[in-house]
There are 2 protein chains.
Amino acid sequence: MSVAYDVLNDDDTYHHGNLRDELIAAAVDVIGREGVAALSLRALARDLDVSHSAPTRHFKNKADLLSAIMEEAYEDMLTTTVDAGYLAGDNPAHRLRAMARACMRWHVDNRALSEVIRNPDVSRTAGRNVKEVLAAFYIHSSRAILGAQGQSRNPDRPVEFVYLNMIVSVVGAASVLTDPVYVETLPALDADELIDDMVDHLFPLKD
Amino acid sequence: MSVAYDVLNDDDTYHHGNLRDELIAAAVDVIGREGVAALSLRALARDLDVSHSAPTRHFKNKADLLSAIMEEAYEDMLTTTVDAGYLAGDNPAHRLRAMARACMRWHVDNRALSEVIRNPDVSRTAGRNVKEVLAAFYIHSSRAILGAQGQSRNPDRPVEFVYLNMIVSVVGAASVLTDPVYVETLPALDADELIDDMVDHLFPLKD
DNA sequence: AGTTAATGTGGATACTGACAACATGCTATG
DNA sequence: CATAGCATGTTGTCAGTATCCACATTAACT
């Protein structure tokens, strides 16, 4: 260091050390509090005490940062719901219900990430990774659906439609449950009750 | 006009005449092609051959413009689905199904408007009008639901949950059917088929 | 030690949103 | 018909931002 008396921050290194991950974390924080539109690369750099163009080394531009967040989010969502399926035991119907519930809960519990992956301006720039994760999601889900169909009240419904209906319900629930307009408009909206009701209706058990 | 030979544009008036509506139309056009993020007040002004701050007279800022679009969109959505209900005849179950279908179709047919009303950054600034429209929507829908419950396979399901499930399905279908990631990932996705299937499952008829 | 790639800095440019002061045309009222 | 008031549009300006570039510092590897 050229300055001899660097007393105030002696552990200050030129390299930040973990800028990429901290950028993502800070971005998710901002998005959760103020929304995607309020995201600013310069503001992020300021928060992390780093020059205004340091983020460029890790993310080509803002869309690139959001893409990275979207990728991590999709992976997290996938593992969370697949894990929940395995934890639910061997009964296929129960497993499927657990997956749907977990996926909805993930969206509610990860508002910021959910907002990112549901943002058309972000998903427009989705790369191959994201599509592979979604393909894997389809594999896992359709397997669970096929296993559960025998116990369902709608055994003849095509798998693709059941899958799509599940995705639609998950995404829609995420939208409605996190949208201030709906939350303020609707009568006494309890997320868990709604999720249970929707899962019951999506995958009704015979007994 | 101070310039005597104003040959090129003799019908050019100082006042644009209909700037507000054309701003909205141009904005919806841009959003439909490039998304909400690509919207720029200055670009809109350029497109309409108007000074860069002329839009300020009609919309205090960008959020204000988007709010106005959202209001019009919600009203249009409401009237479209309510009208479809009345056109469907007297059978309550058929009426409800027609409303759900029309609402989903509205979203698919009005991608740009749907994208606006589903954008959290926009709905965060929603005014009282929007909430009143949604309240009216709830009134209309719950009336239809109550009428249809006797014919449904789930007569005991609470009205609020049926309504919420309908909203969730509509919003979710809009998200999935317009999201490039899902459209490219999913196997042969036909919007009309999916809508029919989901409505059938949402409001099953006895016969 | 010396080379090289990765990472961070500072400056320059262009675009954007927002504001303020001014210009213009419409309209109502005397 | 004059003129005052108002709605609308214009020009000028400023701060914040994204993005690109040349350069500095560090780490890693030979």
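Predicted model only: the values in this text are computed from it and were never measured. A, B, ... follow the sequence lines: proteins, then strands. Residue 1 opens every chain.
Looking at B/Asn91, its side chain does come within 3.5 Å of a backbone N or O of B/His94 through a donor-acceptor pair. Not a single donor-acceptor pair under 3.5 Å links the side chain of B/Asn110 to the backbone N or O of B/Leu113. A donor-acceptor pair under 3.5 Å is absent between the side-chain atoms of A/Arg95 and the main chain of A/Ala144, judged by distance alone. Checking side-chain atoms of B/Gln149 against main-chain N and O of B/Arg157 turns up a donor-acceptor pair under 3.5 Å. The main-chain N or O of A/Val171 is never found under 3.5 Å from a side-chain atom of A/Arg118 such that the two would form a donor-acceptor pair. For the pair B/Arg124 (side chain) and A/Glu34 (backbone), a donor-acceptor distance under 3.5 Å is present.
Taking five base pairs at each end of the helix from C/dA1-D/dT30 to C/dG30-D/dC1, the local helix axes there meet at an angle of 10°, rounded to 10°.
A/Arg57 contributes a side-chain N or O that forms a donor-acceptor pair with the base of C/dG8 under 3.5 Å. Side-chain to base pairing of A/Arg20 with C/dT7: no donor and acceptor N or O lie closer than 3.5 Å to each other. Within 3.5 Å, a donor on the side chain of B/Ser53 pairs with an acceptor on the base of D/dT11, or the reverse.
Distance CZ (B/Arg42) to C1' (D/dT10): 12 Å, rounded to an integer number of Å. For B/Phe59 and D/dG9, the CZ to P distance is 11 Å, given to the nearest whole Å. Atom CG of A/Asp121 and atom P of D/dA18 are 15 Å apart (whole Å). Summarising the geometry, the separation between CG on A/Asp49 and C1' on C/dG10 is reported as 16 Å, rounded to the nearest angstrom. As a whole-Å value, the separation of B/Leu44 CG from C/dA18 P is 13 Å.
Picking from D/dT13, C/dG17, D/dA18 the nucleotide with the shortest atom distance to the side chain of A/Leu41 gives D/dA18. Closest to the side chain of B/Ser40, from the set D/dG9, C/dT16, C/dT9, is C/dT16. Closest to the side chain of B/His52, out of D/dT10, C/dA18, C/dG8, is C/dA18.
Within residues 61-68 of chain A, the residues that place at least one heavy atom under 4.0 Å from DNA chain D are, in residue-number order, A/Asn61, A/Lys62. Of the residues in residues 21-31 of chain A, none has a non-hydrogen atom less than 4.0 angstrom from any atom of DNA chain D.
A distance of 10.0 Å separates CE in B/Met104 from CG in B/Asp196, rounded to the nearest 0.5 Å. To the nearest 0.5 Å, the span separating OH on B/Tyr74 from CG on B/Asp76 amounts to 13.0 Å. Note: B/Thr79 OG1 to B/Phe137 CZ = 10.5 Å, rounded to the nearest 0.5 Å. The OG atom of A/Ser123 sits 6.5 Å away from the CE atom of A/Met70 when rounded to the nearest 0.5 Å.
At a threshold of 4.5 Å between non-hydrogen side-chain atoms, the residues B/Leu44 and B/Leu65 count as touching.
Residue A/Arg46 has a polar side-chain atom (N or O) positioned under 4.0 Å from OP1 or OP2 of D/dT17.
Using bins of under 30°, 30° to 60° and over 60° for the plane-to-plane angle, the ring pair A/Tyr163/A/Tyr138 lands in the perpendicular bin.
The residue among A/Val50 and B/Lys60 whose nearest nucleotide of DNA chain C is located toward the 5' end is A/Val50.
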